[in-house]
Protein chains: 2
Amino acid sequence: MSKSNNHGHAAEHAYHAIKGRLLRNEWPDGTYLRETELAESLGVSRTPVRDALRRLAVEGLVETIPNAGTRVRGWNAQDLDEIFGLRSLLEGYAARLAAQRLSEEEIGELRTLCEEMEAIVARGSEDRSRREALAPLNERFHTLILQGSRNGRLAQMTRQVVSIPLVLRTFTRYEPEEIRRSMSHHREMVEAFAARDPIWAESIMLAHLQAGFAVMKRNQANPTG
Amino acid sequence: MSKSNNHGHAAEHAYHAIKGRLLRNEWPDGTYLRETELAESLGVSRTPVRDALRRLAVEGLVETIPNAGTRVRGWNAQDLDEIFGLRSLLEGYAARLAAQRLSEEEIGELRTLCEEMEAIVARGSEDRSRREALAPLNERFHTLILQGSRNGRLAQMTRQVVSIPLVLRTFTRYEPEEIRRSMSHHREMVEAFAARDPIWAESIMLAHLQAGFAVMKRNQANPTG
DNA sequence: ATCGTGGCTATTGTATACAACTTAGACAAT
DNA sequence: ATTGTCTAAGTTGTATACAATAGCCACGAT
């Protein structure tokens with residue numbers, strides 16, 4: 001039997017639904033998200049929709065203008081620089097802490113993730129499907145490191161910052177050499193963790209993110225490769 | 001004519017009122033903040049109160065437990081370590097960026113703030129009143145640096161992290177030597193900015209925060225000096 | 001005596017009704 | 001032609017009514 005009702009979950013549902021549509025880029029930048037409209041399309045009232053929009057505003061995905069509405073937030077080059085600077089700072093710090101705090105089991109799982117990702121790359125499938133197979137493993141890899149930092153606030157803040165560039169990931173194309181480099185970074189990071197070397201771990205994390213940023217910037221410049 | 005009504009400001013009012021009471025430590029840790037109660041005491045309905053509580057939960061001052069309520073969040077030693085680690089990371093980064101980006105006018109204002117704070121210290125009034133006179137100037141000093149980083153998200157994140165230790169500031173006693181050291185840090189930071197030296201600026205900011213943390217930890221150990 | 005069960009109360013979550021503000025457009029005056 | 005004002009529609013902000021959940025206490029069964 002399903003629950004007789006959806007009570008208690010409407011706000012959560014609205015949040016995930018709207019966030020999903022934002023991450024899939026379904027609205028152009030600047031679009032006003034009308035509460036009534038969203039409420040009807042989701043089958044709930046305006047109250048939980050407002051709740052969800054406020055949360056998304058905190059995360060920076062939309063901006064709320066008092067008495068006028070909330071609209072989809074777009075990012076220019078400077079925004080991307082800001083976000084990437086913060087992300088590097090936070091994830092670099094997380095890697096530094098994680099090197100001292102990850103359990104052997106967690107390091108083992110990171111190593112397994114490396115192997116799985118390398119297997120996918122070795123299979124050499126079409127670009128789009130490979131990216132879709134890689135994404136959840138890569139996300140798990142980074143999430144494990146955040147957890148390994150044993151700093152809950154750091155993990156939460158990082159998730160906030162990282163959610164924004166996700167919007168752009170769909171458009172990013174990696175060259176074969178760049179994929180290999182990314183895999184190599186993951187490998188080396190695990191080694192740094194195993195060696196319990198915070199500086200090594202942080203450095204390679206910074207290089208890893210910086211390289212990814214470079215790829216994204218190149219793709220922003222030439223949108224349709 | 002005053003505005004005929006307070007419409008449009010109830011949520012904002014509720015937010016500031018509740019946050020103020022939280023920062024003044026009016027409720028013990030773990031106290032459940034009942035929406036109806038707060039609404040009546042503020043003369044508004046539950047709707048804007050809920051809004052305010054959600055915002056405060058994002059900032060980490062309270063925690064919301066689904067279907068049970070939101071309660072005042074307390075911090076243990078580990079929480080304080082986490083918060084301070086993050087604050088150092090973020091404000092250090094801000095100082096590094098600000099060294100390259102602050103305008104000459106802003107550096108001038110920082111220098112003026114130093115002089116004003118030193119004047120207050122030289123006056124040598126009673127500890128409590130001195131602290132109250134110093135606090136807004138010190139806050140302005142740090143805020144200027146955050147703005148000078150020209151990274152809005154960094155400034156916003158830092159404000160989030162910094163608001164929490166504010167709760168504890170009331171209990172913190174500085175020894176004369178510590179006050180002098182703090183003033184000296186401010187001075188040196190301005191010099192680092194004037195020299196446009198990011199590493200110097202970041203280093204002295206880290207030392208400044210670390211020293212403040214040490215004072216707070218000492219006071220936590222012996223609560224009533 | 002203890003454990004399980006059932007209803008009761010208090011509180012949160014959601015829906016709806018209403019008030020006030022913002023904005024756009026038409027019309028008039030200069 | 002341009003500017004200002006007024007009106008009206010649409011949207012957000014707030015209040016209130018209602019639904020449903022969670023925790024607690026009393027009560028009964030074993």
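Partners of Ala211(A) under the side chain to side chain contact (heavy atoms under 4.5 Å, CB included) rule, at least two apart in sequence or in another chain, are Arg181(A), His185(A). Residues that satisfy the salt bridge (Lys or Arg N to Asp or Glu O under 4.0 Å) test with Glu26(B), not counting sequence neighbours, are Arg21(B), Arg24(B). Here Arg34(B) pairs with nothing under the salt bridge (Lys or Arg N to Asp or Glu O under 4.0 Å) rule; sequence neighbours left out. Listed by chain and residue number, Arg46(B), Arg50(B) satisfy the salt bridge (Lys or Arg N to Asp or Glu O under 4.0 Å) test with Glu35(B) (two or more places apart in sequence, or in another chain). Partners of Arg130(B) according to the salt bridge (Lys or Arg N to Asp or Glu O under 4.0 Å) rule, which considers only residues two or more places apart in sequence or in another chain, are Asp127(B).
Between His9(A) atom NE2 and dA20(D) atom P there is a gap of 14 Å when expressed in whole angstrom units. Distance CD1 (Ile65(A)) to C1' (dG13(D)): 16 Å, rounded to an integer number of Å. Atom P of nucleotide dT14(C) and atom NE2 of His13(A) are separated by 11 Å, given to the nearest angstrom. The nearest whole Å value for the distance from the CD atom in Glu35(B) to the C1' atom in dA10(C) is 12 Å. Following rounding to the nearest Å, Asn67(A) (CG) and dT11(D) (C1') show an atom-to-atom distance of 9 Å.
Within a heavy-atom distance below 4.0 Å of DNA chain C, the residues of residues 38-55 of chain B found are Arg46(B), Arg50(B), Arg54(B). Of all the residues in residues 26-34 of chain A, Leu33(A), Arg34(A) reach under 4.0 Å from DNA chain D with at least one non-hydrogen atom.
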Run the side-chain donor-acceptor check on residues 95-102 of chain A: report pairs under 3.5 Å with partners two or more places apart or on a different chain.
unit_1    : atom_1 : unit_2    : atom_2 : d
Arg96(A)  : NE     : Glu202(A) : OE1    : 2.8
Arg96(A)  : NH2    : Glu202(A) : OE2    : 3.4
Arg101(A) : NH1    : Ser149(A) : O      : 2.8

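Ring planes of His142(A) and His186(A): perpendicular class, angle over 60° (limits at 30 and 60°).
Listed by first and then second residue, the ring-ring contact (aromatic ring centres under 6.0 Å, His included) pairs involving residues 67-111 of chain B are Phe84(B)-Phe213(B) (not counting sequence neighbours).
Nearest-nucleotide assignment on DNA chain C puts the 5′-proximal partner with Pro66(B), out of Pro66(B) and Pro66(A).
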